[in-house]
2 protein chains.
Amino acid sequence: MANIKDIAKQCKVNPATVSRALNGKKGVSEKVRARIIKTAQRLGYSKNPLAAGLITHKSGIIGLVVPDITNPYYASVAQGVSAVLRQSGYGTFLCDSTRSREQEQQYFGMLCSYRVEGVVLLSVTAKPEDLEIFREKGIRVICVDNPISNEVSTVLNDNYQGACDLTEHLVCDCGVRRLVAVMGTRDADTTRQRLRGCTETLARLGQSGILQGTLYTQPDYDHGDAIMGEVMKLSPDCVFAVNDQVALGAFSWCLRNHVDVPGQLKLCGFDDIAAASMISVPLTTVHQRKYVLGEKAATQLIYELKNPDSLPMRIELLPKLMIRASCGERSSPQPSTGSAQS
Amino acid sequence: MANIKDIAKQCKVNPATVSRALNGKKGVSEKVRARIIKTAQRLGYSKNPLAAGLITHKSGIIGLVVPDITNPYYASVAQGVSAVLRQSGYGTFLCDSTRSREQEQQYFGMLCSYRVEGVVLLSVTAKPEDLEIFREKGIRVICVDNPISNEVSTVLNDNYQGACDLTEHLVCDCGVRRLVAVMGTRDADTTRQRLRGCTETLARLGQSGILQGTLYTQPDYDHGDAIMGEVMKLSPDCVFAVNDQVALGAFSWCLRNHVDVPGQLKLCGFDDIAAASMISVPLTTVHQRKYVLGEKAATQLIYELKNPDSLPMRIELLPKLMIRASCGERSSPQPSTGSAQS
DNA sequence: TTGCGATGTCCTTAATGTTTGCCATGTTGG
DNA sequence: CCAACATGGCAAACATTAAGGACATCGCAA
């Protein structure tokens with residue numbers, strides 16, 4: 001593979017000159033620069049970012065940590081991140097932690113040893129002190145969804161607002177009177193905000209009594225199905241699920257057990273994953289702009305890399321209520337392309 | 001960040017000795033080795049694989065190219081790949097080509113300049129000559145699903161067999177008499193094999209006349225829905241979809257247009273993505289072991305990196321017919337966790 | 001006990017592909 | 001004729017590994 005020396009030889013200049021020419025630095029006449037660029041193309045030269053990174057301390061790689069890439073929500077965010085990174089010439093180092101804190105930690109070490117320039121972190125398990133390893137090495141981190149530490153920027157959906165809108169709709173438009181919340185990872189911010197939005201809205205409406213109980217489980221399809229036995233003991237008229245996967249799991253339980261949705265039981269989720277509108281009784285849910293979330297996160301990270309002394313900030317995306325059939329009442333059309341959860 | 005020289009200084013040995021000690025090479029006394037390892041740990045040393053790669057020509061990074069990470073099929077494969085790579089100490093460089101040949105090519109260049117050691121390639125757009133760039137640089141490639149060139153190993157599901165099983169079931173058990181095939185990317189191997197399995201099985205059964213027509217479209221949910229108008233003009237009693245997404249799209253069309261499944265129209269897909277069993281009339285489909293596929297691909301790649309003169313091979317996974325309600329007839333229980341397409 | 005090769009341990013040096021600071025040379029303008 | 005500036009060369013630096021050499025120790029036979 002052609003390297004900088006080959007070009008230098010061909011052009012009868014010094015490698016340093018080639019480097020300056022190719023990197024658009026001054027100190028090279030336009031005539032020489034043009035000649036160098038031309039031979040570089042002719043030789044099919046591509047610079048070795050690893051060697052360059054050795055000296056500039058910029059590997060050109062950015063770490064992307066997700067809890068579970070098969071979760072369509074994370075996959076969409078990842079797509080947004082990776083698209084922006086590509087456009088900016090960065091490489092994406094994928095870390096699928098499979099929701100395990102241990103594996104996540106292992107990946108953190110790996111990212112450090114590979115000298116990534118920054119990290120986009122989607123995590124439900126990391127603690128503030130886990131980020132120490134990055135801070136001490138000067139590696140920028142952007143959190144998505146879960147604001148792990150307020151020393152780093154976070155990009156997230158306004159889950160609280162989404163939950164408020166949804167709850168109000170349930171109570172005021174759909175006549176829900178016995179609500180059961182099925183939540184996910186206990187200390188994930190996503191879970192907390194969604195639950196808070198629900199309870200506070202009920203309180204605001206003077207209807208706190210509507211909440212019959214809150215259950216916690218793994219936020220996926222199978223667990224959503226499995227927990228329904230317990231949920232039904234509370235004889236709810238509506239299940240407020242932490243995300244669509246759980247809601248879909250619940251729906252499948254209803255199908256099997258001949259519970260009519262929305263007649264006997266209303267069902268709602270969060271995220272608006274593709275499958276949410278594919279089922280026979282399309283799911284009322286809160287649409288999240290997952291892809292945009294990823295784009296914003298990557299953009300912000302790149303910005304911070306260029307402005308190393310910028311202070312951490314918080315970017316919130318506003319959600320949109322998607323009223324479909326699963327909670328009865330009138331219905332409104334559109335969105336849901338891509339996928340979702342959290 | 002502590003480097004090899006710091007350790008050398010502390011231990012009063014030469015950096016080269018530290019290198020040998022840490023890499024488990026011989027030529028270092030056990031006493032010195034132990035001392036070195038201890039101080040390495042104390043200093044929190046982590047080697048810089050990029051610098052090492054500069055000289056060994058082994059970056060420790062492997063490229064993973066997928067057409068669309070939000071597609072649950074690819075996401076599952078990616079998870080399998082990345083899990084195996086992590087266990088073997090490799091990093092995963094994610095390239096989401098968004099089904100664009102152009103972007104894919106750009107990524108190929110990027111992978112080369114980053115000196116990845118190998119590439120796991122899931123592509124529906126790449127042509128044999130596109131792999132040239134890797135071959136000339138000695139970068140090993142493993143294809144998944146689509147055997148782009150027979151100079152590289154391929155890991156794939158036996159789509160042909162799956163299609164045969166499925167078709168036989170449709171004709172013999174479900175009494176299908178007017179079949180329409182809705183296929184995906186025209187020259188993708190996946191499409192070809194699935195279609196071939198169908199037509200050849202019909203021929204074998206002496207029922208070639210059953211196939212009313214074959215339509216091609218983008219293999220996703222929206223296009224599956226959109227093409228149904230055209231499909232119905234052929235007045236089929238069964239739609240043989242290239243994958244579950246298309247089948248689910250078709251199903252949503254049926255719901256809207258009050259076409260009874262499986263009464264008026266039978267529907268089947270391929271891959272057994274999670275959503276396939278979530279819908280009100282669970283989808284008969286062919287289960288693919290997506291995660292395993294990814295594992296096998298990564299394992300094979302690592303094997304080939306260790307045995308550079310190993311010859312290309314082909315690994316086929318056998319599929320499993322999942323009989324559910326969407327084609328009528330009796331039904332069998334289980335699988336479908338994770339997700340799918342191709 | 002001496003001599004010799006074999007072996008083990010560690011050091012020295014060069015190399016990987018870039019970038020960067022500094023210096024030398026050449027050119028231009030006043 | 002000198003200052004100022006533009007141009008491009010030289011060499012060091014980055015973190016690591018590979019090859020080869022120096023030195024000491026050891027076993028064994030003379």
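Numbers restart at 1 for each chain; the letters A, B, ... are given by sequence-line order, proteins then strands.
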Novice: Can you list everything that forms a side chain to side chain donor-acceptor pair (under 3.5 Å) with D189(A)? Sequence neighbours excluded, please.
Specialist: Q193(A)

Novice: Who passes side chain to side chain contact (heavy atoms under 4.5 Å, CB included) against K137(B), sequence neighbours left out?
Specialist: M1(A), C112(B), I133(B), I139(B)

Novice: What residues, two or more places apart in sequence or in another chain, satisfy side chain to side chain donor-acceptor pair (under 3.5 Å) together with E151(A)?
Specialist: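 For E151(A) there are no side chain to side chain donor-acceptor pair (under 3.5 Å) partners, ignoring immediate neighbours.
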
Novice: Using side chain to side chain donor-acceptor pair (under 3.5 Å) as the criterion, list what pairs up with Q300(A), not counting sequence neighbours.
Specialist: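 Once residues adjacent in sequence are excluded, the partners of Q300(A) under the side chain to side chain donor-acceptor pair (under 3.5 Å) criterion are E304(A).
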
Novice: Which residue pairs pass the salt bridge (Lys or Arg N to Asp or Glu O under 4.0 Å) test when at least one of the two sits in residues 19-31 of chain A, sequence neighbours left out?
Specialist: E30(A)-R33(A)

Novice: Hey, do the aromatic rings of F93(A) and F93(B) have their centres closer than 6.0 Å?
Specialist: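 No, too far apart.
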
Novice: Only counting residues at least two apart or in another chain, list the ones meeting side chain to side chain donor-acceptor pair (under 3.5 Å) with S59(B).
Specialist: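 None.
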
Novice: Enumerate the residue pairs fulfilling side chain to side chain donor-acceptor pair (under 3.5 Å) with a member in residues 43-54 of chain B, sequence neighbours excluded, ordered by first and then second residue.
Specialist: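 Every side chain to side chain donor-acceptor pair (under 3.5 Å) pair that includes a residue of residues 43-54 of chain B, provided the two are not neighbours, is N23(B)-K47(B).
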
Novice: Would you check if the side chain of N146(B) reaches a backbone N or O of A188(B) as a donor-acceptor pair within less than 3.5 Å?
Specialist: no

Novice: For DNA chain C, determine which residues of residues 28-37 of chain B have any heavy atom closer than 4.0 angstrom to one of its atoms, and list them numerically.
Specialist: V28(B), S29(B), V32(B)

Novice: If the sugar-phosphate is the primed atoms plus P, OP1 and OP2 and the base is the rest, what is the B/S/- string for nucleotides 14-24 of chain D, using protein heavy atoms under 4.0 Å?
Specialist: BBBBB------

Novice: Just the endpoints, please: which first and last nucleotides of DNA chain C, 5' to 3', lie under 4.0 Å from a heavy atom of chain B?
Specialist: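 On DNA chain C, the outermost contacted nucleotides are dT9(C) to dG17(C).
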
Novice: Bend across the helix from dT1(C)-dA30(D) to dG30(C)-dC1(D), to 10°, with axes taken over 5 pairs at each end?
Specialist: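 About 50° separates the two local helix axes.
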
Novice: Among pairs that include at least one residue of residues 102-113 of chain A, which meet side chain to side chain donor-acceptor pair (under 3.5 Å), considering only residues two or more places apart or in two chains?
Specialist: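 Listed once each, the pairs are T98(A)-Q103(A), Q103(A)-R86(B), E104(A)-S123(A), E104(A)-T125(A), Q105(A)-D130(A), Q106(A)-R86(B).
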
